[in-house]
Number of protein chains: 2
Amino acid sequence: MSTAGPAPRRRMRADARRNYERLLTEAGAAFAERGTDASLEDVARRAGVANGTLYAHFPTRQALLEALLGDRMRALAGRAHELMDHPSPHEALLLWARAAVAHATAYRGLATSLMRAVEDETSELHAACRSVLDAGEHLLGRAQRAGVTREDATAADLYALVNSVAWAGEQTSAAQAERLLSFAMEGLRPLGTVRPARGR
Amino acid sequence: MSTAGPAPRRRMRADARRNYERLLTEAGAAFAERGTDASLEDVARRAGVANGTLYAHFPTRQALLEALLGDRMRALAGRAHELMDHPSPHEALLLWARAAVAHATAYRGLATSLMRAVEDETSELHAACRSVLDAGEHLLGRAQRAGVTREDATAADLYALVNSVAWAGEQTSAAQAERLLSFAMEGLRPLGTVRPARGR
DNA sequence: TGTTAAATCGAGACAGTCTCAATATCTTTT
DNA sequence: AAAAGATATTGAGACTGTCTCGATTTAACA
């Protein structure tokens, strides 16, 4: 639950702030149990508020997701920058990808929203998605410069890969997602090289 | 457009048969342009039929998909069996995976349905999905016995992989899907081996 | 306490899913 | 060729959901 709030130009009225927080709480709960397609009518009901109020605060579903996840996504981007110091560029990339998958699995249906939002400039989630994609690009670039990752892989590929794996995890199990991720990340190693017998 | 029809215990009435075919045609068109979430009300409208008629013929959306895709899916399974004779087990697996991705990309949203249906025994699509999964298992098994594919990969992994890639393709582009597929399939090679410099 | 800007309310317009009793249509039989 | 019987179609209706906007309420501040 973020404490940042909705970018208030001036301080919000007390009732507005209260409703904003309640809506966020209930939306988080609803998304957690029903996925990102949960009924917004229901969210408003659970927050004890008319649905018009929900739409006043969050004009779109993506706005709700941004409010719910924006901070965490920026933290994920930050984590990528920290990992730039990790001794093994390939390991760093794998660790970060794993974290990104975990993030994209927060709610059922989230991977789809994240994928849509990165393309759609008008989405409230767009900026957060971009920051994640850009962060991935740094890690990927370092791995490529170190010669431990295929040159033809792009940041967009990495973003799609992470979200695809998260999507698969939503449909089946976290264990399968982890296995898929390890396959795909191994597949990013350059062709014509000997791969370490232990996948680390 | 299948000519198999709806498993008629006895011959269908002429009007029923006509409506069945029309519904299938329009559903195919609607799914093609709107994805698998297209409005069924609209499908019925376009077919010039009341929506109750649609539900009489196809009790669920998945029933419609089975009628539309069942034959093609069984053909895909058949293709796997043909490929068992291919000289390169790894190449055979790759070729088949590519065909499976192409199939799962027929409609936007299809990958999700295919993933759901393989888990859900009550789905009308379940049997067709199983036959695809089982077919993949044969190809995968041969590649593993030949020592060109990781032992820890399962048929479920392959199924999930193919559908994840198809999903990514839906969200972005066929080109990116192809790249993701090639990464993942390379990643299926056994650890501790030298990989060919050209991905074939 | 009165004023005012801000926020909330909730009915209403619309679209979609799915069901089922009434009705219509085809097929078969005589 | 008409009636009987089986089969299929109809479309209104009960839901659930999205989203908007004019009327109303409420908090903030002098």
Side-chain angles (χ1 to χ4, degrees), chain A residues 5-27 29-31 33-65 67 107-109 112-113 116 122-124, chain B residues 5-27 29-31 33-67 107-109 112-113 116 120 122-124:
Chain A
R9 298 190 149 283
R10 268 176 163 163
R11 203 150 115 276
M12 273 176 110
R13 238 170 69 169
D15 54 347
R17 170 125 225 150
R18 189 178 60 242
N19 287 332
Y20 179 90
E21 296 296 351
R22 278 189 188 166
L23 283 166
L24 226 38
T25 302
E26 294 304 330
F31 288 172
E33 63 191 52
R34 303 276 195 194
T36 55
D37 289 338
S39 158
L40 298 187
E41 206 178 356
D42 188 48
V43 168
R45 239 194 317 271
R46 287 161 70 159
V49 136
N51 62 7
T53 300
L54 187 154
Y55 286 103
H57 284 290
F58 307 101
T60 68
R61 204 174 280 272
Q62 303 240 321
L64 214 31
L65 287 171
Y107 309 129
R108 216 160 1 103
T112 305
S113 299
R116 188 185 323 280
T122 72
S123 164
E124 293 88 345
Chain B
R9 298 190 148 283
R10 268 176 162 163
R11 202 150 117 275
M12 275 176 108
R13 239 169 68 171
D15 54 348
R17 171 125 227 151
R18 189 179 59 243
N19 288 332
Y20 179 92
E21 297 295 351
R22 279 189 187 165
L23 283 166
L24 227 38
T25 303
E26 294 303 330
F31 289 172
E33 64 190 50
R34 303 279 194 191
T36 56
D37 290 338
S39 158
L40 298 187
E41 207 177 356
D42 188 51
V43 168
R45 238 191 320 269
R46 289 161 69 158
V49 137
N51 61 7
T53 300
L54 186 156
Y55 286 102
H57 284 290
F58 307 100
T60 68
R61 204 173 279 271
Q62 303 242 318
L64 214 32
L65 286 171
E66 149 64 29
Y107 309 129
R108 218 162 355 107
T112 305
S113 299
R116 190 186 322 280
D120 176 6
T122 72
S123 163
E124 292 89 344

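This one's a predicted model, so the numbers in the text were calculated from it and none came from an experiment. Every chain is numbered from 1, with letters handed out A, B, ... down the list of sequences.
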- prompt: More than 12 heavy atoms of other residues, nucleotides or ligands under 6.0 Å from CZ of Arg116(A): is that the case?
  reply: no
message: More than 12 heavy atoms of other residues, nucleotides or ligands under 6.0 Å from CZ of Arg34(B): yes or no?
response: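 No, not enclosed.
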- prompt: Which atom names give the shortest non-hydrogen contact between Ala29(A) and Arg46(A), and what distance separates them?
  reply: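 Heavy atoms only, the tightest pair is CB-NH2, 3.6 Å.
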message: Restricting to non-hydrogen atoms, name the atom on Leu24(A) and the atom on Ala67(A) that form the minimum distance, rounded to 0.1 Å.
response: CD1-CB, 3.7 Å
message: Set out, in order, the CA-CA distance, both residues' side-chain angles and the distance that settles side chain to side chain contact (heavy atoms under 4.5 Å, CB included) for Val49(B) and Arg22(B), then state yes or no.
response: CA-CA 9 Å; Val49(B) 137; Arg22(B) 279 189 187 165; 5.7 Å; no
field: Arg34(A) vs dG17(D): side-chain N/O to OP1/OP2 distance below 4.0 Å
entry: no
Can you give the donor-acceptor pairs under 3.5 Å from side chains of residues 58-66 of chain B to other protein atoms, not counting sequence neighbours?
unit_1, atom_1, unit_2, atom_2, d
Thr60(B), OG1, Gln62(B), N, 3.3
Thr60(B), OG1, Ala63(B), N, 3.0
Thr60(B), OG1, Glu124(B), OE1, 2.9
Thr60(B), OG1, Glu124(B), OE2, 3.2
Arg61(B), NH1, Thr36(B), O, 2.8
Arg61(B), NH1, Ala38(B), O, 2.7
Arg61(B), NH2, Ala38(B), O, 3.4
Gln62(B), OE1, Ser123(B), OG, 2.4

query: Does Arg108(A) use its side chain to pair, donor to acceptor, with the backbone of Glu33(A) at less than 3.5 Å?
result: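 Yes; judged by distance alone, with no hydrogens or angles, the pair exists.
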query: To the nearest Å, how far apart are Phe58(B) CZ and dT9(D) P?
result: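 So the two atoms are 11 Å apart, to the nearest Å.
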query: In whole angstroms, how far is the P atom of dT16(D) from the CG atom of Asp37(A)?
result: 18 Å
- prompt: First and last nucleotide of DNA chain C in contact with chain B, 5' to 3', at under 4.0 Å to a heavy atom: what are they?
  reply: dG16(C) to dT27(C)
- prompt: Should the pair Arg18(B)-Asp15(B) be classified as a salt bridge under the 4.0 Å nitrogen-to-oxygen rule?
  reply: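 Answer for the salt bridge query: no.
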- prompt: How would nucleotides 19-30 of chain D be written as a contact map, 5' to 3', with B for base contact, S for sugar-phosphate-only contact and - for no contact, using protein heavy atoms under 4.0 Å?
  reply: BB-----BSS--
